[in-house]
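In what follows, chains carry the letters A, B, and so on, assigned in the order in which the sequence lines appear, proteins first and then strands, with residues in each chain numbered from 1.
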Number of protein chains: 2
Amino acid sequence: MSAEQNIIFCRDHHDHQSCMATAIAKAEQVCESRNQRFTKLRKRIFELVWQQHKPIRAYDILDQLQQDGRAAPPTVYRALDFLMDLGLIHRIESMNAFVGCNNPQQKHEGQFFICNDCGAFVELDSTSINSAISISAEHSGFEIQQRTIEITGICPECKGKKKSQ
Amino acid sequence: MSAEQNIIFCRDHHDHQSCMATAIAKAEQVCESRNQRFTKLRKRIFELVWQQHKPIRAYDILDQLQQDGRAAPPTVYRALDFLMDLGLIHRIESMNAFVGCNNPQQKHEGQFFICNDCGAFVELDSTSINSAISISAEHSGFEIQQRTIEITGICPECKGKKKSQ
DNA sequence: AACGATAGTGTTATGATATAACATATTTAA
DNA sequence: TTAAATATGTTATATCATAACACTATCGTT
Ligand SMILES: [Zn+2]
Ligand SMILES: [Zn+2]
Ligand SMILES: [Zn+2]
Ligand SMILES: [Zn+2]
């Protein structure tokens, strides 16, 4: 992912089955390489996060889980914490929600562009955004630990729809 | 505020009385110019937000208010919403907390650098950060509505303290 | 296989953050 | 002065998240 790459909003148009299969394969790899267990439950919750290509909230995950049987909040939050620690998902702070990560092999925090209309999002890790921030920080000797960058607005598709109305 | 200006972490060293007085004066101006009322309650809550030069949470504000008499959450949240709408304070999404704005006359969203050690923060509105993000967005036709940029880490002072230990 | 150690999950209760809904009070403006 | 608009008080409840402890599954050793 670089600053120059176009943003592509992942929507209904693509083969989401294979999209998810890839994500799961990557997740399995990451877990294995770090000696962590991608248990049935963790996989299930990971799938629920990926399912919609939109940020999903913890209690929406819980609702889905409860269709399979009883479940309680800690079950969801523990799995989410695990997945976040491994970088398999990210938390969107401004929405109290979670999204799947496309590039979990590389440690990163990501920048999120999220459509206020349809909920679709993309994750970037733009060098130019990162370095603009780093430069600001260096000016004063601030040592960066965490970057939360969440941009909301209207995605190209939704903008198109609005115009044609 | 520009990208080139150094970050200055506002701490105990300065004359905070006059610092707050300035903030209140600006707030009064802003309210007047937009025909909004800077009521006693709103002023009180604005002061509580400014008091510490750190992000403050709604329920901490509530605790302080309750020292003057009875108060309930909606009282706090309504005032916070009012102050945010006018740009007099900002919300730090990643902390569920609020900070006073130094430059409420100009509409902006700001970028926040917050110290994980001491809680001190600075707000920038860096042109280079903003334009790096705008360029990424333009690449795909994404129309930006809201920017949430929250950088946490260690401020220069705290870094100094750590070294000298 | 038997064992204890570690990691993962279930369950209950509760803490922390935020808003809905409606009653009352205050301010504004005709 | 009075009606409308705005602001605040009050109660209840929605939403988001974690603590604490019991139980189960897995792993590594013997
Ligand atoms: Zn997909
Ligand atoms: Zn990512
Ligand atoms: Zn000050
Ligand atoms: Zn500001």
Whole angstroms only, please: what is the CZ-P distance between B:F82 and D:dT8?
8 Å
A:E28 and A:K26: salt bridge (charged side-chain N to carboxylate O under 4.0 Å, His left out), yes or no, with the steps?
CA-CA 5 Å; A:E28 278 165 348; A:K26 283 182 193 173; over 6 Å; no
Name the residue closer to the 5' end of DNA chain C, choosing between B:M95 and B:R78 according to the nucleotide with the nearest heavy atom.
B:M95
Distance, rounded to the nearest Å, where B:L41 contributes CG and D:dT10 contributes P:
12 Å
How about CZ on A:R70, more than 12 heavy atoms from neighbouring residues, nucleotides or ligands closer than 6.0 Å, or not?
no
Could you give the CG-to-P distance, from B:D63 to C:dT17, as a whole number of Å?
10 Å
A:E150 side chain to A:I92 backbone, donor-acceptor under 3.5 Å
no
Starting from the 5' end of DNA chain D, give me the residue, B:R37 or B:P74, whose nearest nucleotide shows up first.
B:R37
Phosphate oxygens OP1/OP2 of C:dA18: is one of them under 4.0 Å from a side-chain N or O of B:N96?
yes
To the nearest angstrom, the CD1-P distance between A:I61 and D:dC16 comes to 11 Å
Using whole Å, report how far CZ of A:F38 lies from C1' of C:dT9.
16 Å
State which of D:dA7, C:dG10, D:dT10 makes the closest approach to the side chain of B:R70.
D:dT10
May I have the distance from B:R44 (atom CZ) to D:dT8 (atom P), rounded to whole angstrom?
14 Å
Around atom CD of A:Q36, are there more than 12 heavy atoms of other residues, nucleotides or ligands at under 6.0 Å?
yes
Verify the contact: side-chain N or O of B:R91 to OP1 or OP2 of C:dA18, cut-off strictly under 4.0 Å; return yes or no.
yes
Would the base of D:dA14 count as contacting A:Y59 through its side chain, where contact means a donor and an acceptor less than 3.5 Å apart?
no
May I have the distance from B:L80 (atom CG) to C:dA16 (atom C1'), rounded to whole angstrom?
15 Å
Taking only N and O in the side chain of A:T75, is any of them less than 4.0 Å away from OP1 or OP2 of C:dG10?
yes
Would the number of heavy atoms belonging to other residues, nucleotides or ligands and lying under 6.0 Å from CD of A:E32 be above 12?
no
Looking across every strand, which nucleic acid part, if any, lies under 4.0 Å from B:T39 by heavy atom: base, sugar-phosphate, or nothing?
sugar-phosphate
Side chain of A:Y77: nearest nucleotide among C:dT11, D:dA17, D:dG9?
D:dA17
Using whole Å, what does the distance between atom P of nucleotide D:dG9 and atom NZ of B:K40 come to?
10 Å
